[in-house]
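Reckoned from all heavy atoms, side chains included, excluding hydrogens, waters and symmetry mates. Order of the sequence lines fixes the chain letters, A, B, ..., with proteins taken first and strands second; residue numbering starts at 1 for each chain.
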Amino acid sequence: MSSFNEDDAFEAAVSRPSLSQLAMQGAREAAFGAPKSTKYLDDLNPAQREAVEALEGPVLILAGAGTGKTKTLMARVAHLITTDSARENEILAVTFTNKAAKEMQDRLRRTPFSLNEPVRWMGTFHSISAKLLRRHAELVGLKSNFTILDTDDTIRLLKQLISAAGIDEKRWPARQLAGMIDSWKNRALTPSAVSGGEGSEFNGMGVKLYAQYQERLLTLNAVDFGDLLLHMVVIFQKHPDLLAQYQRWFKYILVDEYQDTNVAQYLWLRLLAGGHKNICCVGDDDQSIYGWRGAEVGNILRFEKDFPGAKVVRLEQNYRSTPHILAAASSVIAGNKDRLGKELWTSETEGEKVRLIGHWDGEEEARWVGEEIEALHGGTRARLRKYSLDDIAILVRASHQMRAFEDRFLSIGLPYRVIGGPRFYERMEIRDAMAYFRIVTQLEDDLAFERIINTPKRGVGDKALQDIQITARSNGVSLLEGAKIAVDEGLLKGKARSGVAQLIADIERWSSLNGPRIRYAVEEDDEPFEEDVLFEDERTSDDELSVFEDIGYFGERARPARPKLEEEDALVEDVAYDPAEIGHIELAEKILDESGYTAMWQNDKSPEAPGRLENLKELIKALEQFDNLAGFLEHVALIMDNDSGEDGEKVTIMTLHGAKGLEFPVVFLPGWEEGLFPSQRSMDENGTKGLEEERRLAYVGITRAEELCTISFAANRRVYGQWQSQLASRFIDELPVDHVDVETPSGLYGGQRSPATSYEASPSTSFEQRASKADVYNSPGWKRMQDRAQRAGSPRSPVTIDMKANASFTLGDRVFHKKFGYGEVMEIEGDKLAIEFDRAGTKKLVAGFVVPADQAGDVPF
DNA sequence: GTGGTCGATATTTTT
DNA sequence: TATCGACCAC
């Protein structure tokens with residue numbers, strides 16, 4: 001099989017070989033196949049190249065921030081394929097987030113070499129595990145069409161178990177139990193493996209409840225996120241023959257962000273890499289910030305022991321940030337003891353120093369940042385270029401810090417986007433809609449049924465629900481069946497009865513319309529062990545296979561729901577359409593309409609309602625990319641795609657955690673105060689380990705910046721409504737003085753910001769010397785600000801008025817704001833409005849951010 | 001079964 | 001200070 005290789009064609013065209021050469025080449029190609037181009041190696045630096053070319057055996061790539069990690073990884077994939085070491089299909093590439101997986105796919109597409117087929121086993125630990133578990137579900141007592149529960153489902157389930165166990169839910173919240181179970185699963189502990197001491201936590205019932213929970217999941221034919229991995233680890237451990245097949249299949253394994261792996265993931269990898277040991281892990285111990293979530297930095301620190309003879313390659317040349325920014329980051333991270341050691345460097349020489357500034361309070365800080373952003377955006381900052389708002393990010397330690405910025409930006413009319421809030425699929429309306437889809441797709445999905453039985457209101461309360469649950473349990477059937485019996489036997493009365501009866505009829509009708517029940521051929525080589533590799537006893541039986549096919553769990557690669565009669569569809573066997581079937585998109589709309597769910601939000605007057613309807617529309621739109629509801633549900637269970645098509649330039653506000661892996665020309669790092677950052681709680685709960693993780697967070701924050709990094713802190717901050725005076729963070733003392741400019745605080749009622757004056761460090765400071773909070777506290781600007789503050793009294797921020805154009809509202813107008821809802825205009829001051837919101841109180845806003853009440857739903861951000 | 005009030009509570013977050 | 005959940009009154 002010869003394939004056209006673009007690179008070769010390109011080279012041939014450029015070098016213009018003679019006809020005879022061409023003929024020779026043709027002959028050679030016919031005999032040996034086209035010579036493979038390794039152009040992707042050309043723009044790698046020596047370290048990257050070394051990492052790419054070390055194909056065999058265990059390799060650890062220690063890739064500092066901004067050192068071309070993804071590029072290197074993808075060049076490695078290219079190299080594996082070009083050197084015929086593996087086919088696309090035999091490479092397992094694992095990431096943590098879908099975003100990272102997607103980025104790899106994109107990157108791979110841009111790598112100069114040509115794929116013969118897609119690299120299919122590239123995805124998150126969870127999505128790959130789900131794919132594997134669907135094949136082998138029966139080995140852990142599940143059916144292949146199991147449901148993947150999210151955190152919310154889990155908590156509701158645990159609540160039931162806790163109250164059934166007669167435990168006071170108040171003292172022992174389900175959340176806490178969920179956290180414990182999760183951490184057990186993160187450590188690959190099945191109930192029987194949990195140690196006695198730990199298991200008797202949670203009022204002595206910890207493990208018992210864990211075991212009960214697992215049983216319940218099995219009867220529900222459901223798994224939680226942790227199970228996806230844990231079940232696979234258990235399967236691999238119990239079935240060495242099966243494991244051996246996968247070991248043989250996945251010839252090369254690549255792992256991204258290895259420092260974030262937990263024990264279960266580590267075992268998962270170790271098992272799969274156990275045969276050939278061709279495992280290449282990329283990571284940065286300095287960016288391990290998920291210890292609290294079960295990540296074990298130990299995994300990366302121990303790599304060489306786990307895989308003797310491992311090759312370790314360090315990527316230290318940074319292509320992202322200026323030298324000052326790198327110096328600051330290096331200087332801070334040097335404070336950590338447990339490190340593999342790495343020093344970032346750059347060939348760049350130019351750049352602004354890291355800016356450090358103290359403010360009087362949090363609002364002042366937000367005000368200053370707002371003004372800075374306007375200046376940067378306007379291009380009026382000396383020595384600096386003009387920036388798009390998209391170039392600018394504010395990275396905070398805790399999400400509550402975002403508020404000050406949101407409030408401020410709202411009132412000066414600076415567009416921003418908050419990343420990280422509730423994820424799309426976590427929103428109430430999305431989950432409700434999904435629950436409808438779930439019950440229709442799987443009539444036994446009790447949790448889904450429970451969720452929607454009274455949404456919208458059908459007069460079904462706790463009592464009615466309980467009756468149904470009892471009926472279902474005593475008959476050993478699903479809730480839906482139980483409900484049917486309860487209706488038939490007259491156990492339900494009045495409203496509840498008619499409501500439930502209607503719902504049951506609806507669900508059955510929708511379900512009958514749910515399709516399409518296409519049988520589509522699984523593409524050749526899509527999965528290991530089709531035909532040739534599959535051992536006879538492991539072959540999925542025809543029955544089971546048809547389950548997959550019917551519900552479309554191979555849906556990602558499946559053909560369109562109603563394939564047109566094109567040639568390739570000749571592969572589709574046995575296409576059976578029921579003429580009564582409607583497409584899944586229409587069905588979804590039908591369900592939401594007929595259930596009254598859409599109407600419920602249309603009649604809702606709360607500020608969120610229009611947004612929720614909007615989200616539902618997006619949900620429907622998202623369906624277009626799938627062939628059927630089942631395939632879609634799988635996607636949503638595992639993916640948080642929050643990329644709602646945003647319009648216009650916006651400043652990004654997000655947490656430091658959320659910023660890992662991203663980069664911005666301009667970064668603001670506010671709130672560097674003891675207790676807040678480093679977080680007091682982190683230090684209290686995890687001591688030095690906690691502090692080191694906080695420090696790594698600081699490192700991550702600084703290294704996000706390409707051109708300009710501004711660190712700030714406030715002397716006073718409102719914490720839970722109480723004013724507290726704050727001390728500048730110890731991390732500030734760890735900044736290298738020669739790479740930092742101390743800016744003059746504008747101070748209380750300062751209004752005008754003084755021009756960027758570089759604070760001259762005392763002559764005795766050497767290159768290695770650290771900056772100090774004292775530099776700020778002793779700066780003339782700080783003293784001036786303190787004086788003013790003392791004269792003015794309590795800490796509070798001035799309100800500046802920006803006179804921007806337009807908007808015509810009259811006193812008393814009813815208006816709508818996306819965040820605050822409906823309200824009435826009470827005051828007008830230029831283009832600024834004071835609005836008394838029905839629910840959110842009185843706010844001052846720029847007129848551009850509200851619309852007349854009758855145009856709700858069409859508000860700028 | 002719904003709506004209101006009161007009190008406890010308060011990082012970081014992916015799948 | 002703000003939010004969420006539980007409990008109580010209609």
Side-chain angles (χ1 to χ4, degrees), chain A residues 94-101 123-130 148-152 154-155 159 163 168-171 173-175 179 182 185-186 223-230 257 260-262 264-265 288-295 362 395-404 407 419-423 425-426 454 457-465 493-496 499 634-642 654-661 671 675-686 690 693-694 696-697 700-701 717-724 839-841:
Chain A
V94 210
T95 63
F96 275 83
T97 63
N98 291 295
K99 208 167 97 193
T124 64
F125 277 102
H126 295 269
S127 68
I128 290 170
S129 294
I148 301 169
L149 301 187
D150 58 35
T151 331
D152 207 60
T154 298
I155 301 249
K159 265 189 185 153
S163 67
D168 181 11
E169 251 186 82
K170 244 187 175 156
R171 284 198 46 202
R175 290 206 156 279
D182 194 52
K185 288 185 177 175
N186 283 160
V223 299
D224 62 20
F225 290 127
D227 283 337
L228 288 172
L229 285 144
L230 187 48
E257 306 278 15
D260 287 338
T261 48
N262 60 36
Q265 286 154 343
S288 164
I289 55 175
Y290 285 108
W292 49 273
R293 207 165 74 185
L395 309 181
V396 297
R397 172 66 244 262
S399 50
H400 65 249
Q401 290 172 262
M402 294 178 178
R403 236 205 87 164
D407 283 353
I419 309 251
R423 272 159 257 311
Y425 80 93
E426 272 174 11
N454 199 34
K457 307 252 181 296
R458 295 190 178 88
V460 184
D462 283 347
K463 177 78 171 54
L465 180 57
K493 311 241 150 56
K495 243 191 188 165
E634 173 90 342
H635 167 87
V636 180
L638 290 170
I639 275 163
M640 39 117 0
D641 242 348
N642 217 0
M654 58 160 79
T655 62
L656 288 161
H657 284 92
K660 195 170 81 159
L676 179 59
F677 188 41
S679 139
Q680 192 57 51
R681 190 153 162 186
S682 188
M683 293 186 294
D684 288 348
E685 287 173 10
N686 296 301
E693 185 153 311
E694 295 288 307
R696 290 193 288 266
L697 211 40
V700 168
R717 195 174 287 277
R718 223 184 337 207
V719 182
Y720 303 139
Q722 224 55 48
W723 279 103
Q724 266 190 356
R839 302 186 165 219

Query raised in the report: So which nucleotide from B:dT12, B:dT2, B:dT13 ends up closest to the side chain of A:Ser399?
Result: B:dT12
Report task. Send over the distance from A:Phe125 CZ to B:dT14 P, rounded to a whole Å. Result -> 17 Å
Query raised in the report: Just to confirm, is there a sub-4.0 Å distance from OP1 or OP2 of B:dT13 to any side-chain nitrogen or oxygen of A:Thr655?
Result: yes
Query raised in the report: Which part of the nucleic acid does A:Glu694 contact within heavy-atom distance under 4.0 Å: base, sugar-phosphate only, or nothing?
Result: base
Report summary line: DNA chain B nearest-nucleotide lookup for A:Ser682 and A:Thr124: closer to the 5′ end is A:Ser682
Query raised in the report: In chain order, what residues pass the salt bridge (Lys or Arg N to Asp or Glu O under 4.0 Å) check against A:Arg293, with sequence neighbours excluded?
Result: none
Report task. Look at the side chain of A:Lys457 and decide which nucleotide, out of B:dT15, B:dT2, B:dT12, has an atom nearest to it. Result -> B:dT2
Requested in this report: Rounded to the nearest angstrom, tell me the gap between atom CE in A:Met402 and atom C1' in B:dA10.
Outcome: 16 Å
Query - Residues forming a ring-ring contact (aromatic ring centres under 6.0 Å, His included) with A:Phe96, sequence neighbours excluded - result: A:Phe125
Query raised in the report: Side-chain contact, heavy-atom cut-off 4.5 Å: A:Leu697 with A:His657?
Result: yes
Query raised in the report: How many Å lie between CG on A:Asn262 and C1' on B:dT13, as a whole number?
Result: 13 Å
Query raised in the report: What's the closest nucleotide to the A:His657 side chain, out of B:dT15, B:dT12, B:dT11?
Result: B:dT12
Query raised in the report: Under 30°, 30 to 60°, or over 60°: which ring-plane class applies to A:Phe225 and A:His126, parallel, tilted or perpendicular?
Result: perpendicular
Report summary line: Ranking B:dT15, B:dT13, B:dT12 by distance to the side chain of A:His126, first place goes to B:dT15
Query raised in the report: Would you say A:Asn454 reaches B:dT2's phosphate, i.e. side-chain N/O to OP1/OP2 under 4.0 Å?
Result: yes
Requested in this report: For A:Val719, report the nucleic acid contact type (base, sugar-phosphate, nothing); a contact means any heavy atom under 4.0 Å.
Outcome: nothing
Query raised in the report: Mind checking what makes side chain to side chain donor-acceptor pair (under 3.5 Å) contact with A:Thr261, not counting sequence neighbours?
Result: A:Asn299
Polar atom pairs (N or O), protein with nucleotides 1-10 of chain C, under 3.5 Å:
{"from": "C:dA2", "atom 1": "OP1", "to": "A:Arg403", "atom 2": "NH1", "distance (Å)": "3.1"}

Report task. Have a look at A:Ser679 and say if it touches a base, only the backbone sugar-phosphate, or nothing, with a 4.0 Å heavy-atom cut-off. Result -> base
Query raised in the report: Between atom NZ in A:Lys660 and atom P in B:dT14, what is the gap in whole Å?
Result: 11 Å
Query raised in the report: Tell me, do A:Leu676 and A:His400 make a side-chain contact under 4.5 Å, heavy atoms counted?
Result: yes
Query raised in the report: Roughly, in whole Å, what's the span from CD in A:Gln265 to C1' in B:dT13?
Result: 13 Å
Query raised in the report: Just how far, in rounded Å, is P of B:dT11 from CZ of A:Arg717?
Result: 15 Å
Requested in this report: Take atom P in C:dG5 and the same atom in B:dT12, then report the distance between them in whole Å.
Outcome: 16 Å
Report task. Pick base, sugar-phosphate or nothing for A:Gly459, based on heavy-atom distances below 4.0 Å to the nucleic acid. Result -> sugar-phosphate
Report task. Please name all residues satisfying salt bridge (Lys or Arg N to Asp or Glu O under 4.0 Å) with A:Glu693, sequence neighbours left out, ordered by chain then number. Result -> A:Arg696
Query raised in the report: How many Å lie between CG on A:Leu229 and P on B:dT14, as a whole number?
Result: 16 Å
Report summary line: Taken in chain and number order and not counting sequence neighbours, the residues that satisfy salt bridge (Lys or Arg N to Asp or Glu O under 4.0 Å) with A:Lys99 are none
Report task. Rounded off to whole Å, could you give me the CD-to-P distance for the A:Gln724 and B:dA10 pair? Result -> 16 Å
Query - Ring-base stacking, A:Trp292 with B:dT12 (5.5 Å, 30° cut-offs) - result: yes
